[in-house]
2 protein chains.
Amino acid sequence: MQPASPGSRPEARPAGRPVSRQVLADHVYEELLASLMDGRLEPGAAVSIDGTARELDVSPTPVREALARLEHTGMVRRVALKGYRVAPMFTREDFAELMEARLAIEPVNARLACGRLTPGRLAELGQAVADLKTAPRGPSFAEYRDYLEADERFHRLIAELTGNQFMVAAYAALGGQVQRFRLFGGVGITDAENAIAEHQAVLDAFASGDPEKAAHAMADHVQKVRGRAIADAPAG
Amino acid sequence: MQPASPGSRPEARPAGRPVSRQVLADHVYEELLASLMDGRLEPGAAVSIDGTARELDVSPTPVREALARLEHTGMVRRVALKGYRVAPMFTREDFAELMEARLAIEPVNARLACGRLTPGRLAELGQAVADLKTAPRGPSFAEYRDYLEADERFHRLIAELTGNQFMVAAYAALGGQVQRFRLFGGVGITDAENAIAEHQAVLDAFASGDPEKAAHAMADHVQKVRGRAIADAPAG
DNA sequence: CATGATCAAATCCTATAGGACTGGCCGAAT
DNA sequence: ATTCGGCCAGTCCTATAGGATTTGATCATG
């Protein structure tokens, strides 16, 4: 991306595809989000506007816009005239609050989604669980990245299956935090066997077509995640 | 705000108060939010970056940052290279989805809040209901603005009373939409008597200290709002 | 009349410049 | 030795400039 040729955007456009084009701020946003999700940016670390701009070889303006959007997700926090920082480490209380919120939202999502399930979507859910089973779970982040991705995809699919844009928004406000916790909570992937079994139980409930059973299976899953994390949690 | 003196910020600082200072983007954000809440910006209307900058006598940069934050609230929508627009009018389906989401979140908020209630906070809730009763409810927006404000304040207070940052975030994602519906849904304030009685019922449940009763009263309120709006709704 | 090309204004998008603030370092004075 | 004040690099914040794109109107043509 040359500094003097911002017009180099229409590069590699296969055909007259009017698909929503991207601007630089979108690219910066995704880059920062990936850095946060991947753990490359640790909690508490400063995210300098100018520094990020230099690193990505863009001007500070799109970086500023991307960070403004990220702030609303809770992943980064801003102090006026002092800049942005990655949100601090989760405390035990934060985690308890997050699980409380998930318990309020995710079982409802499961109940609603169950009623609108199509064979295609059910297959997608099954694929997510299958990916969860086959994903490597090594100690380094690169090795369990796919596991986390499949986990998040499973829950997000259910949220989207509700067909309710507001439930999707409510879940999205939590989803990023869930991911962040998995990264920084310190528990790693010590509960894969249990978690996979619970996801499978949710999937089975969906397949049965009983919304109440689906909601119950999801509530059970979230509660058990909470229980395991509280048992494993380090300092807090 | 003179263009050539951005350093005119420390104006009127009574004492060495280190309270979080504001930057221009914050001011622009609040200004735009007020315009949206007040209905001065109608759904579908374009929100020009340069135009807003000229109107508020600032440069486009802070306007761009403010709009980036607003986009995440759902109040405005952005299309790359085409700009921002106020989110379109609520449809009947949108409204049904919003109420479904409120039903999932607000009764939980009420239950959690009931358990952490202090006399001071109960008084604040009572004040909100009292304001609701005394607020004028004329036909023009300026006349029922205070009514809407008291309504929103009541529900927001309950969300904050949970002490759960994620439930607050989830409610906040809905709160703005609730407000938007009241403005653009066309129903106006035709149900004030019923709504006030229901708010009073929620307040009474809180005063009784029974979390389940509070949750039930809140669910009852949301369901009745939904019922009245569906009956009154215009085109949809 | 309908349709498509041409052009100008408005707008979006990015880069750059420069003022203001912060935090750390160093030296001087007490 | 400690404290105070100045210096400086880094950063945030806003304004401005200019290229790229979209939009709407005007106009020519089938």
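Fair warning: this is a prediction, and the values are worked out from it, not measured in the lab. What you see below is based on every heavy atom in this structure, not just the backbone, and it leaves out hydrogens, waters and symmetry mates. A, B, ... follow the sequence lines: proteins, then strands. Residue 1 opens every chain.
The distance from atom CD of B:E65 to atom C1' of C:dC12 is 17 Å, rounded to the nearest whole Å. Rounded to a whole Å, the CZ atom of A:R78 is 14 Å from the C1' atom of D:dT11. Between B:D50 atom CG and D:dT16 atom P there is a gap of 12 Å when expressed in whole angstrom units. The distance between atom CG of B:L24 and atom P of C:dA20, rounded to the nearest whole Å, is 15 Å. C:dC12 atom C1' lies 16 Å from atom CD of A:Q22, rounded to whole Å. In this structure, the OH atom of B:Y29 is 19 Å from the C1' atom of D:dC13, given to the nearest Å. One atom, CZ of A:R64, and another, P of D:dA15, lie 12 Å apart when rounded to the nearest Å.
Among residues two or more places apart in sequence or in another chain, the side chain to side chain contact (heavy atoms under 4.5 Å, CB included) test is passed with B:A68 by A:E65, A:A68, A:R69, B:Y84. Annotation: side chain to side chain contact (heavy atoms under 4.5 Å, CB included) contacts of A:E30 (sequence neighbours excluded): A:Q22. In this structure B:R40 satisfies the side chain to side chain contact (heavy atoms under 4.5 Å, CB included) test together with B:A34, B:S35, B:D38, sequence neighbours excluded. Partners of A:E124 under the side-chain hydrogen bond (donor to acceptor under 3.5 Å, both in side chains) rule, at least two apart in sequence or in another chain, do not exist in this structure. Residues passing the salt bridge (Lys or Arg N to Asp or Glu O under 4.0 Å) test with A:R77: none are found, sequence neighbours excluded.
For the pair B:N109 (side chain) and B:I158 (backbone), a donor-acceptor distance under 3.5 Å is absent.
The phosphate of C:dA15 (OP1 or OP2) has a side-chain N or O of A:S59 nearer than 4.0 angstrom. B:R54 has a side-chain polar atom (N or O) that falls below the 4.0 Å cut-off from OP1 or OP2 of C:dT11.
As judged by a 4.0 angstrom heavy-atom cut-off over every strand, B:T61 is placed among the base-contacting residues.
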Evaluate the salt bridge (Lys or Arg N to Asp or Glu O under 4.0 Å) criterion for residues A:R153 and A:E149: first the C-alpha distance (whole Å), next the side-chain angles of each, then the deciding distance (0.1 Å), finally the verdict. CA-CA 6 Å; A:R153 173 154 44 94; A:E149 189 277 328; 3.0 Å; yes
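Candidate nucleotides D:dT11, D:dT14, C:dT11 were compared by shortest atom distance to the side chain of B:S48, and C:dT11 ranks first. Nearest nucleotide to the side chain of A:L81, out of C:dA15, D:dT16, D:dC13: D:dC13.
Positionally, the nearest nucleotide of DNA chain C for B:I49 lies more toward the 5' end than for the other of A:P62 and B:I49.
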Identify the pairs formed between an N or O of the protein and an N or O of nucleotides 23-25 of chain C at a distance under 3.5 Å, and give each distance.
residue	atom	partner	partner atom	Å
C:dG23	OP1	A:K82	NZ	3.4

